[in-house]
Amino acid sequence: MTLRRVNVVILVLLAVAFLIIVQRNLLNISDFLHKETPDAGMILPFEGELSPDLRLEWRRTGEEIPLLITAADDRLGAVIAAMNSVYHNSKANVVFTIVTMNDTVDHLKSWLSSTKLKNVKHKIVIFRPELLNGKISKDPKTLEAARPLTFARFYLPLYIPEAEKAIYLDDDVIVQGDIQELYNTNLKAGHAAAFSDDCDSASAKGIIRGAGNQNKYIGFLDFKKESINKLGMKATTCSFNPGVIVANLTEWRDQNITQQLEHWMELNTREDLYSKTLAESITTPPLLIAFYKRHSSIDPLWHVRHLGTTGAGNRYSPQFVKAAKLLHWNGHYKPWGRTSSFSDVWDKWLIPDPTGKFHPVRRHSD
(Lines give C-alpha, C1' and ligand atoms only; values in the text may rest on other atoms or scores of the structure.)
Protein backbone atom coordinates (compact mmCIF):
# COMPACT_ATOMS: atom_id res chain seq x y z
CA MET A 1 0.00 0.00 0.00
CA THR A 2 2.89 2.37 0.85
CA LEU A 3 4.52 1.81 -2.53
CA ARG A 4 1.25 2.46 -4.35
CA ARG A 5 0.76 5.72 -2.43
CA VAL A 6 4.28 6.81 -3.34
CA ASN A 7 3.58 6.08 -7.01
CA VAL A 8 0.34 8.07 -6.90
CA VAL A 9 2.12 11.02 -5.31
CA ILE A 10 4.85 10.88 -7.95
CA LEU A 11 2.25 10.81 -10.76
CA VAL A 12 0.41 13.78 -9.26
CA LEU A 13 3.64 15.76 -8.99
CA LEU A 14 4.57 14.90 -12.59
CA ALA A 15 1.13 16.02 -13.78
CA VAL A 16 1.44 19.35 -11.93
CA ALA A 17 4.91 19.92 -13.36
CA PHE A 18 3.64 19.18 -16.88
CA LEU A 19 0.77 21.67 -16.52
CA ILE A 20 3.18 24.38 -15.30
CA ILE A 21 5.46 23.81 -18.32
CA VAL A 22 2.50 23.97 -20.72
CA GLN A 23 1.23 27.20 -19.14
CA ARG A 24 4.67 28.84 -19.42
CA ASN A 25 5.00 27.81 -23.07
CA LEU A 26 1.59 29.26 -23.86
CA LEU A 27 2.55 32.54 -22.19
CA ASN A 28 5.81 32.63 -24.16
CA ILE A 29 3.91 32.09 -27.41
CA SER A 30 1.48 34.86 -26.48
CA ASP A 31 4.38 37.24 -25.76
CA PHE A 32 6.01 36.33 -29.07
CA LEU A 33 2.85 37.04 -31.06
CA HIS A 34 2.57 40.49 -29.50
CA LYS A 35 6.12 41.51 -30.40
CA GLU A 36 6.79 43.62 -33.49
CA THR A 37 6.70 41.87 -36.85
CA PRO A 38 10.25 42.26 -38.26
CA ASP A 39 9.28 42.09 -41.92
CA ALA A 40 6.26 44.36 -41.76
CA GLY A 41 6.59 47.09 -39.17
CA MET A 42 6.44 47.97 -35.50
CA ILE A 43 3.08 47.19 -33.92
CA LEU A 44 1.99 49.68 -31.28
CA PRO A 45 -0.43 48.12 -28.77
CA PHE A 46 -3.94 49.42 -28.23
CA GLU A 47 -3.80 52.14 -25.61
CA GLY A 48 -6.48 52.39 -22.96
CA GLU A 49 -9.19 50.01 -21.84
CA LEU A 50 -12.69 49.73 -23.27
CA SER A 51 -15.45 50.93 -20.99
CA PRO A 52 -17.55 48.17 -19.38
CA ASP A 53 -20.50 48.89 -21.68
CA LEU A 54 -18.34 48.69 -24.79
CA ARG A 55 -16.66 45.52 -23.58
CA LEU A 56 -20.08 43.92 -23.35
CA GLU A 57 -20.93 45.23 -26.82
CA TRP A 58 -17.83 43.62 -28.32
CA ARG A 59 -18.62 40.30 -26.66
CA ARG A 60 -22.19 40.49 -27.88
CA THR A 61 -21.32 41.04 -31.53
CA GLY A 62 -19.50 37.81 -32.35
CA GLU A 63 -16.34 37.05 -34.28
CA GLU A 64 -13.67 39.66 -34.90
CA ILE A 65 -13.50 41.23 -38.35
CA PRO A 66 -9.90 42.30 -39.06
CA LEU A 67 -9.78 45.41 -41.25
CA LEU A 68 -6.61 47.07 -42.53
CA ILE A 69 -6.47 50.71 -43.59
CA THR A 70 -3.57 53.12 -44.08
CA ALA A 71 -3.13 56.57 -42.55
CA ALA A 72 -1.02 59.15 -44.39
CA ASP A 73 -0.58 62.40 -42.47
CA ASP A 74 -1.82 64.67 -45.27
CA ARG A 75 -4.92 62.44 -45.68
CA LEU A 76 -5.57 61.63 -42.04
CA GLY A 77 -9.10 62.98 -42.20
CA ALA A 78 -9.81 60.30 -44.81
CA VAL A 79 -9.01 57.36 -42.54
CA ILE A 80 -10.93 58.97 -39.66
CA ALA A 81 -14.05 59.40 -41.82
CA ALA A 82 -13.73 55.87 -43.23
CA MET A 83 -13.34 54.30 -39.78
CA ASN A 84 -16.23 56.32 -38.41
CA SER A 85 -18.51 55.17 -41.24
CA VAL A 86 -17.55 51.52 -40.73
CA TYR A 87 -17.95 51.64 -36.97
CA HIS A 88 -21.32 53.38 -36.86
CA ASN A 89 -23.02 51.50 -39.68
CA SER A 90 -22.42 48.07 -38.21
CA LYS A 91 -22.63 46.20 -34.93
CA ALA A 92 -19.88 43.88 -36.10
CA ASN A 93 -16.81 43.33 -33.95
CA VAL A 94 -14.38 45.22 -36.20
CA VAL A 95 -10.71 45.42 -35.23
CA PHE A 96 -8.80 48.04 -37.21
CA THR A 97 -5.14 47.66 -38.13
CA ILE A 98 -3.97 51.16 -39.03
CA VAL A 99 -0.71 51.24 -41.01
CA THR A 100 1.04 54.58 -40.87
CA MET A 101 4.43 56.29 -40.92
CA ASN A 102 6.45 57.08 -37.80
CA ASP A 103 5.92 60.84 -38.07
CA THR A 104 2.12 60.44 -38.19
CA VAL A 105 1.61 58.35 -35.04
CA ASP A 106 1.23 61.22 -32.57
CA HIS A 107 -1.28 63.07 -34.77
CA LEU A 108 -3.27 59.88 -35.32
CA LYS A 109 -3.33 58.99 -31.60
CA SER A 110 -4.40 62.50 -30.69
CA TRP A 111 -7.28 62.41 -33.18
CA LEU A 112 -8.50 59.00 -32.08
CA SER A 113 -8.13 59.58 -28.33
CA SER A 114 -9.90 62.95 -28.38
CA THR A 115 -13.02 61.83 -30.25
CA LYS A 116 -15.80 59.27 -30.13
CA LEU A 117 -13.48 56.80 -31.90
CA LYS A 118 -11.32 56.45 -28.78
CA ASN A 119 -12.94 53.14 -27.84
CA VAL A 120 -12.71 51.56 -31.27
CA LYS A 121 -10.62 48.40 -31.21
CA HIS A 122 -7.42 49.07 -33.13
CA LYS A 123 -3.69 48.61 -33.37
CA ILE A 124 -1.25 50.99 -35.03
CA VAL A 125 1.55 49.60 -37.20
CA ILE A 126 4.56 51.60 -38.36
CA PHE A 127 5.27 50.96 -42.04
CA ARG A 128 8.92 50.40 -42.87
CA PRO A 129 9.80 52.03 -46.22
CA GLU A 130 12.84 49.78 -46.58
CA LEU A 131 10.39 47.01 -47.51
CA LEU A 132 10.20 48.72 -50.90
CA ASN A 133 13.94 49.03 -51.53
CA GLY A 134 14.64 47.88 -55.09
CA LYS A 135 10.93 47.29 -55.75
CA ILE A 136 9.66 50.67 -56.99
CA SER A 137 11.01 53.29 -59.35
CA LYS A 138 12.36 56.55 -57.98
CA ASP A 139 10.71 58.42 -60.86
CA PRO A 140 9.17 61.55 -59.29
CA LYS A 141 6.45 61.51 -61.97
CA THR A 142 5.08 58.34 -60.40
CA LEU A 143 2.71 59.56 -57.71
CA GLU A 144 2.44 56.22 -55.92
CA ALA A 145 6.24 56.01 -55.58
CA ALA A 146 5.98 58.92 -53.16
CA ARG A 147 3.20 57.15 -51.22
CA PRO A 148 4.74 53.96 -49.82
CA LEU A 149 1.63 53.23 -47.75
CA THR A 150 -0.23 52.32 -50.93
CA PHE A 151 1.74 49.05 -50.92
CA ALA A 152 0.67 48.05 -47.39
CA ARG A 153 -2.09 45.87 -48.88
CA PHE A 154 0.64 43.63 -50.37
CA TYR A 155 1.64 42.63 -46.82
CA LEU A 156 -1.77 41.79 -45.35
CA PRO A 157 -0.71 38.50 -43.69
CA LEU A 158 2.26 40.18 -42.03
CA TYR A 159 0.17 42.93 -40.48
CA ILE A 160 -2.66 40.62 -39.43
CA PRO A 161 -0.78 37.38 -38.65
CA GLU A 162 -3.43 35.86 -36.39
CA ALA A 163 -6.33 36.02 -38.88
CA GLU A 164 -7.57 33.65 -41.56
CA LYS A 165 -9.62 36.32 -43.34
CA ALA A 166 -9.46 40.12 -43.50
CA ILE A 167 -10.66 43.24 -45.31
CA TYR A 168 -8.49 45.94 -46.84
CA LEU A 169 -9.93 49.40 -47.57
CA ASP A 170 -8.41 52.43 -49.28
CA ASP A 171 -8.66 55.53 -47.14
CA ASP A 172 -10.84 57.47 -49.62
CA VAL A 173 -13.95 55.37 -49.01
CA ILE A 174 -17.16 55.70 -47.02
CA VAL A 175 -18.98 52.56 -45.89
CA GLN A 176 -22.77 52.89 -45.76
CA GLY A 177 -23.65 49.22 -45.28
CA ASP A 178 -22.97 46.66 -42.57
CA ILE A 179 -19.30 45.65 -42.95
CA GLN A 180 -20.26 42.13 -41.83
CA GLU A 181 -21.92 41.68 -45.20
CA LEU A 182 -18.71 42.53 -47.05
CA TYR A 183 -16.72 40.26 -44.75
CA ASN A 184 -19.11 37.41 -45.58
CA THR A 185 -18.26 37.68 -49.29
CA ASN A 186 -17.90 34.15 -50.60
CA LEU A 187 -14.42 33.29 -51.85
CA LYS A 188 -14.21 30.30 -54.15
CA ALA A 189 -11.96 27.40 -53.22
CA GLY A 190 -8.33 28.22 -53.93
CA HIS A 191 -8.94 31.98 -54.22
CA ALA A 192 -6.85 34.21 -51.96
CA ALA A 193 -8.87 37.38 -52.56
CA ALA A 194 -12.06 38.95 -53.89
CA PHE A 195 -12.12 42.24 -55.81
CA SER A 196 -14.61 44.37 -57.73
CA ASP A 197 -14.33 43.73 -61.45
CA ASP A 198 -14.10 46.88 -63.56
CA CYS A 199 -16.71 45.50 -65.95
CA ASP A 200 -19.40 45.00 -63.33
CA SER A 201 -22.71 46.78 -63.73
CA ALA A 202 -22.10 49.51 -61.14
CA SER A 203 -18.56 50.21 -62.29
CA ALA A 204 -19.53 50.33 -65.97
CA LYS A 205 -21.18 53.67 -65.26
CA GLY A 206 -17.84 55.01 -64.14
CA ILE A 207 -15.76 54.43 -67.27
CA ILE A 208 -14.12 57.69 -68.24
CA ARG A 209 -14.84 58.73 -71.79
CA GLY A 210 -11.77 58.74 -73.98
CA ALA A 211 -9.69 56.63 -71.60
CA GLY A 212 -9.83 53.64 -73.95
CA ASN A 213 -8.91 50.40 -72.20
CA GLN A 214 -8.87 51.62 -68.64
CA ASN A 215 -10.98 48.63 -67.55
CA LYS A 216 -8.84 46.02 -69.35
CA TYR A 217 -5.51 44.42 -68.56
CA ILE A 218 -3.95 46.17 -71.57
CA GLY A 219 -4.59 49.47 -69.82
CA PHE A 220 -2.22 48.48 -67.00
CA LEU A 221 0.39 46.16 -68.54
CA ASP A 222 2.66 46.43 -71.59
CA PHE A 223 1.92 43.28 -73.56
CA LYS A 224 4.82 44.01 -75.92
CA LYS A 225 7.24 43.09 -73.16
CA GLU A 226 8.36 39.47 -73.23
CA SER A 227 7.89 38.90 -69.49
CA ILE A 228 4.22 39.88 -69.81
CA ASN A 229 3.53 38.25 -73.16
CA LYS A 230 4.82 34.84 -72.11
CA LEU A 231 2.34 34.70 -69.22
CA GLY A 232 -0.40 33.96 -71.76
CA MET A 233 -2.85 36.47 -70.29
CA LYS A 234 -5.49 37.98 -72.56
CA ALA A 235 -5.02 41.71 -72.94
CA THR A 236 -8.79 42.23 -73.13
CA THR A 237 -9.43 40.57 -69.75
CA CYS A 238 -11.47 42.79 -67.43
CA SER A 239 -9.30 44.37 -64.75
CA PHE A 240 -10.29 44.84 -61.11
CA ASN A 241 -9.91 47.61 -58.54
CA PRO A 242 -7.80 46.78 -55.46
CA GLY A 243 -9.15 49.61 -53.33
CA VAL A 244 -11.37 47.10 -51.54
CA ILE A 245 -10.09 43.58 -50.89
CA VAL A 246 -11.63 40.65 -49.03
CA ALA A 247 -8.71 38.31 -48.44
CA ASN A 248 -8.39 34.67 -47.47
CA LEU A 249 -5.10 35.06 -45.61
CA THR A 250 -4.53 31.32 -45.33
CA GLU A 251 -4.58 30.98 -49.12
CA TRP A 252 -2.54 34.19 -49.43
CA ARG A 253 0.20 32.66 -47.32
CA ASP A 254 0.02 29.22 -48.94
CA GLN A 255 0.27 30.72 -52.44
CA ASN A 256 3.08 33.11 -51.46
CA ILE A 257 1.10 36.05 -52.86
CA THR A 258 3.30 38.66 -51.17
CA GLN A 259 6.42 37.13 -52.69
CA GLN A 260 4.76 37.05 -56.13
CA LEU A 261 3.86 40.73 -55.86
CA GLU A 262 7.39 41.65 -54.80
CA HIS A 263 8.80 39.69 -57.75
CA TRP A 264 6.77 41.67 -60.27
CA MET A 265 7.60 44.94 -58.54
CA GLU A 266 11.32 44.20 -58.77
CA LEU A 267 11.07 43.02 -62.38
CA ASN A 268 9.25 46.19 -63.36
CA THR A 269 12.11 48.35 -62.08
CA ARG A 270 14.38 46.57 -64.58
CA GLU A 271 12.05 45.95 -67.53
CA ASP A 272 9.40 48.72 -67.31
CA LEU A 273 6.44 46.34 -67.62
CA TYR A 274 3.54 48.65 -66.87
CA SER A 275 1.37 50.43 -69.42
CA LYS A 276 1.79 54.16 -69.97
CA THR A 277 -1.87 54.72 -70.86
CA LEU A 278 -3.12 55.19 -67.28
CA ALA A 279 -2.33 57.57 -64.44
CA GLU A 280 0.96 56.27 -63.01
CA SER A 281 -0.56 53.13 -61.45
CA ILE A 282 2.18 50.93 -60.06
CA THR A 283 0.10 49.25 -57.35
CA THR A 284 -2.54 47.57 -59.51
CA PRO A 285 -0.39 45.80 -62.17
CA PRO A 286 1.35 43.30 -59.83
CA LEU A 287 -2.04 42.38 -58.35
CA LEU A 288 -3.54 41.88 -61.82
CA ILE A 289 -0.77 39.42 -62.64
CA ALA A 290 -0.85 37.51 -59.35
CA PHE A 291 -4.64 37.19 -59.37
CA TYR A 292 -5.25 36.67 -63.10
CA LYS A 293 -8.41 34.56 -63.29
CA ARG A 294 -7.77 33.48 -59.70
CA HIS A 295 -9.97 35.82 -57.69
CA SER A 296 -13.58 35.99 -56.56
CA SER A 297 -15.93 38.94 -57.04
CA ILE A 298 -17.35 41.52 -54.64
CA ASP A 299 -20.95 42.64 -54.94
CA PRO A 300 -20.90 45.79 -57.16
CA LEU A 301 -22.83 47.81 -54.57
CA TRP A 302 -20.01 47.09 -52.12
CA HIS A 303 -17.55 49.04 -54.26
CA VAL A 304 -19.10 51.92 -56.20
CA ARG A 305 -16.13 53.66 -57.75
CA HIS A 306 -14.98 56.68 -59.76
CA LEU A 307 -16.50 59.30 -57.48
CA GLY A 308 -13.15 61.05 -57.71
CA THR A 309 -13.07 61.28 -61.50
CA THR A 310 -14.30 63.96 -63.86
CA GLY A 311 -18.05 64.02 -64.28
CA ALA A 312 -18.87 61.80 -61.29
CA GLY A 313 -21.64 64.21 -60.33
CA ASN A 314 -23.46 63.42 -63.58
CA ARG A 315 -22.59 59.73 -63.58
CA TYR A 316 -24.47 58.67 -60.46
CA SER A 317 -27.84 59.82 -59.20
CA PRO A 318 -28.23 60.86 -55.54
CA GLN A 319 -30.59 57.91 -55.11
CA PHE A 320 -27.95 55.46 -56.38
CA VAL A 321 -25.26 56.98 -54.17
CA LYS A 322 -27.55 56.66 -51.17
CA ALA A 323 -28.23 52.98 -51.99
CA ALA A 324 -24.54 52.09 -52.40
CA LYS A 325 -22.98 50.03 -49.62
CA LEU A 326 -19.49 51.47 -50.15
CA LEU A 327 -18.43 54.63 -52.01
CA HIS A 328 -14.91 55.10 -53.37
CA TRP A 329 -13.51 58.46 -54.47
CA ASN A 330 -10.73 56.91 -56.56
CA GLY A 331 -9.34 59.43 -59.01
CA HIS A 332 -7.80 62.87 -58.68
CA TYR A 333 -10.73 64.58 -56.94
CA LYS A 334 -10.95 63.63 -53.28
CA PRO A 335 -13.99 64.32 -51.06
CA TRP A 336 -11.96 66.63 -48.82
CA GLY A 337 -11.04 68.76 -51.85
CA ARG A 338 -12.74 71.75 -53.44
CA THR A 339 -13.99 70.08 -56.65
CA SER A 340 -15.20 66.68 -55.43
CA SER A 341 -18.64 65.28 -56.18
CA PHE A 342 -20.86 64.12 -53.30
CA SER A 343 -18.53 65.68 -50.73
CA ASP A 344 -21.60 66.25 -48.54
CA VAL A 345 -21.91 62.47 -48.13
CA TRP A 346 -18.30 62.26 -46.97
CA ASP A 347 -18.66 65.29 -44.67
CA LYS A 348 -21.24 63.46 -42.57
CA TRP A 349 -18.57 61.04 -41.36
CA LEU A 350 -15.62 63.35 -40.83
CA ILE A 351 -14.80 64.02 -37.19
CA PRO A 352 -13.05 67.42 -36.93
CA ASP A 353 -9.33 67.30 -36.19
CA PRO A 354 -8.81 68.37 -32.57
CA THR A 355 -5.33 69.63 -33.51
CA GLY A 356 -6.71 71.79 -36.33
CA LYS A 357 -4.14 70.53 -38.84
CA PHE A 358 -6.61 68.87 -41.20
CA HIS A 359 -9.74 70.45 -42.62
CA PRO A 360 -11.59 69.89 -45.89
CA VAL A 361 -11.45 72.55 -48.59
CA ARG A 362 -14.86 73.69 -49.81
CA ARG A 363 -16.02 75.99 -52.60
CA HIS A 364 -17.22 78.57 -50.12
CA SER A 365 -13.87 78.55 -48.34
CA ASP A 366 -11.43 81.40 -48.85
Student: When the aromatic ring centroids of Phe220 and Tyr274 are compared, is their separation below 6.0 Å?
Tutor: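 Centroid separation for Phe220 and Tyr274: 6.0 Å or greater.
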Student: Are His359 and Asp353 linked by a side-chain donor-acceptor pair shorter than 3.5 Å?
Tutor: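 Judged by distance alone, the side chains do not pair up.
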Student: Once the angle between the rings of Phe240 and Phe291 is folded into 0 to 90°, is it parallel (under 30°), tilted (30 to 60°) or perpendicular (over 60°)?
Tutor: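 The rings of Phe240 and Phe291 stand perpendicular, inter-plane angle above 60°.
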Student: Are any side-chain N or O atoms of His263 and backbone N or O atoms of Gln259, one a donor and one an acceptor, separated by less than 3.5 Å?
Tutor: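 Not a single qualifying donor-acceptor pair exists.
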Student: Grouping I, L, V, M, F, W and Y whenever their side-chain heavy atoms are under 4.5 Å apart, do Trp329 and Tyr333 come out in a common cluster?
Tutor: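 As far as the 4.5 Å side-chain criterion goes, Tyr333 and Trp329 are not connected within one cluster.
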Student: Between Asp171 and Thr70, do the side chains contain an N or O donor and an N or O acceptor separated by less than 3.5 Å?
Tutor: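 Result is no, nothing qualifies.
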Student: Looking only at side chains, do Tyr168 and Asp170 share a donor and an acceptor under 3.5 Å apart?
Tutor: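 Distance-only check passes for Tyr168 and Asp170.
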Student: Test side chain to side chain contact (heavy atoms under 4.5 Å, CB included) on Lys334 and Arg75; report intermediate values, then the result.
Tutor: CA-CA 10 Å; Lys334 300 305 180 186; Arg75 300 159 62 104; 4.0 Å; yes
Student: Evaluate the salt bridge (charged side-chain N to carboxylate O under 4.0 Å, His left out) criterion for residues Asp347 and Arg362: first the C-alpha distance (whole Å), next the side-chain angles of each, then the deciding distance (0.1 Å), finally the verdict.
Tutor: CA-CA 11 Å; Asp347 285 344; Arg362 295 293 174 248; 2.4 Å; yes
Student: We want to know whether Asp198 and Ser239 form a side-chain donor-acceptor pair, criterion being a heavy-atom distance below 3.5 angstrom.
Tutor: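 There is such a pair between these side chains.
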Student: Is there a donor-acceptor contact under 3.5 Å linking the side chains of Ser227 and Glu271?
Tutor: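 Yes, side-chain donor-acceptor contact under 3.5 Å.
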Student: Assess the residue pair Thr355 and His107 against the criterion (side-chain hydrogen bond (donor to acceptor under 3.5 Å, both in side chains)); give the C-alpha distance rounded to whole Å, side-chain angles, the decisive distance to 0.1 Å, and a yes or no.
Tutor: CA-CA 8 Å; Thr355 71; His107 190 185; 3.2 Å; yes
Student: Any donor-acceptor pair under 3.5 Å linking the side-chain atoms of Thr283 with those of Arg153?
Tutor: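 On atom types as modelled, these side chains do not qualify, holding no pair under 3.5 Å.
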Student: Identify the two heavy atoms, one from Leu132 and one from Pro148, that lie closest to each other, and give their separation to 0.1 Å.
Tutor: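 In this case the closest contact between Leu132 and Pro148 is CD1-CB, 3.6 Å.
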Student: Indicate whether the side chain of Asp172 and that of His328 have a donor and an acceptor atom separated by less than 3.5 Å.
Tutor: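 Present: a donor and an acceptor within the cut-off.
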Student: Determine the minimum heavy-atom distance between Met101 and Pro129, stating which atoms define it.
Tutor: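 Smallest heavy-atom distance, with atoms named: CE-CG, 3.5 Å.
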Student: Starting at OH of Tyr292, measure out to OH of Tyr217 and round the result to the nearest 0.5 Å.
Tutor: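 Going from OH on Tyr292 over to OH on Tyr217, the span is 7.0 Å.
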Student: So which of Ile179, Ile69, Thr185 actually passes side chain to side chain contact (heavy atoms under 4.5 Å, CB included) with Ile167?
Tutor: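 That would be Ile179.
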Student: Closest heavy-atom contact between Ser110 and Pro354?
Tutor: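 Smallest interatomic distance, heavy atoms only, reads O-CG, 3.9 Å.
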Student: Relative to Tyr183, does Lys165 satisfy both conditions: NZ or CZ under 6.0 angstrom from the six-membered ring centre, and within 45 degrees of the ring's axis?
Tutor: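 Yes, a cation-pi geometry.
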Student: Can you tell me if Asn330 uses its side chain to pair, donor with acceptor, with the backbone of His306 under 3.5 Å?
Tutor: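 Looks like yes, one N/O pair under 3.5 Å.
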Student: Is the number of heavy atoms from other residues, nucleotides or ligands within 6.0 Å of CD (Glu130) greater than 12?
Tutor: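 Counting other residues, nucleotides and ligands, CD of Glu130 exceeds 12 neighbours.
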Student: If we ignore hydrogens and angles and just use 3.5 Å, is the side chain of Lys348 paired with the main-chain N or O of Asp344 as donor and acceptor?
Tutor: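 Judged by distance alone, no pair lies under 3.5 Å.
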Student: Over 60° means perpendicular and under 30° means parallel, so classify the ring planes of Tyr155 and Tyr159, tilted if in between.
Tutor: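 Taking Tyr155 first and then Tyr159, their aromatic rings stand perpendicular (interplane angle over 60°).
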Student: Quick one: does Ser340's side chain have a donor or acceptor within less than 3.5 Å of a partner on Gly337's backbone?
Tutor: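 Side chain of Ser340 to backbone of Gly337, a donor-acceptor pair under 3.5 Å: no, none is there.
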Student: Side chain of Lys225, backbone of Asp272: donor and acceptor closer than 3.5 Å?
Tutor: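 Yes.
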Student: May I have the step-by-step check of side-chain hydrogen bond (donor to acceptor under 3.5 Å, both in side chains) for Thr258 and Trp252, ending in yes or no?
Tutor: CA-CA 8 Å; Thr258 296; Trp252 193 295; 3.1 Å; yes
Student: Do you see a donor-acceptor pair shorter than 3.5 Å between the side chains of His122 and Thr97?
Tutor: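 No donor-acceptor contact under 3.5 Å links the two side chains.
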Student: So how far is it from Glu181 CD to Trp302 CH2, rounded to the nearest 0.5 Å?
Tutor: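 Between atom CD of Glu181 and atom CH2 of Trp302 there are 5.5 Å.
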Student: Indicate yes or no for a side-chain donor-acceptor contact from Ser85 to the backbone of Ala82 under 3.5 Å, with no hydrogens or angles considered.
Tutor: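 Flag set: sc Ser85 to bb Ala82 pair under 3.5 Å.
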Student: Please tell me if the side chains of Ile80 and Leu117 come closer than 4.5 Å, counting only heavy atoms from C-beta onward.
Tutor: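 Side chain of Ile80 against side chain of Leu117, heavy atoms only: contact under 4.5 Å found.
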Student: Crowded around Glu164 CD? As in, over 12 foreign heavy atoms under 6.0 Å?
Tutor: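 No, CD of Glu164 has 12 or fewer neighbouring heavy atoms, counting only those of other groups under 6.0 Å.
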Student: Begin with the C-alpha distance, continue with both residues' side-chain angles, and end with the deciding distance and a verdict on side-chain hydrogen bond (donor to acceptor under 3.5 Å, both in side chains) for Arg315 and Thr309.
Tutor: CA-CA 10 Å; Arg315 184 172 298 118; Thr309 58; 3.0 Å; yes
Student: Tell me the closest heavy-atom pair linking Asn84 and Lys116, and the distance in Å.
Tutor: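 Result for this residue pair: OD1-CE, 3.8 Å.
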Student: Tell me whether Glu266 contacts the main-chain N or O of Asn133 through its side chain, where contact means a donor paired with an acceptor under 3.5 Å.
Tutor: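 Side chain of Glu266 to backbone of Asn133, a donor-acceptor pair under 3.5 Å: no, none is there.
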Student: Could you check whether Asn256 and Gln260, counting side-chain N and O atoms only, form a donor-acceptor pair closer than 3.5 Å?
Tutor: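 No.
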Student: Decide side-chain hydrogen bond (donor to acceptor under 3.5 Å, both in side chains) for Ser297 and Asp197; before the verdict, give the C-alpha distance in whole Å, the side-chain angles of both, and the deciding distance to 0.1 Å.
Tutor: CA-CA 7 Å; Ser297 297; Asp197 292 321; 3.0 Å; yes
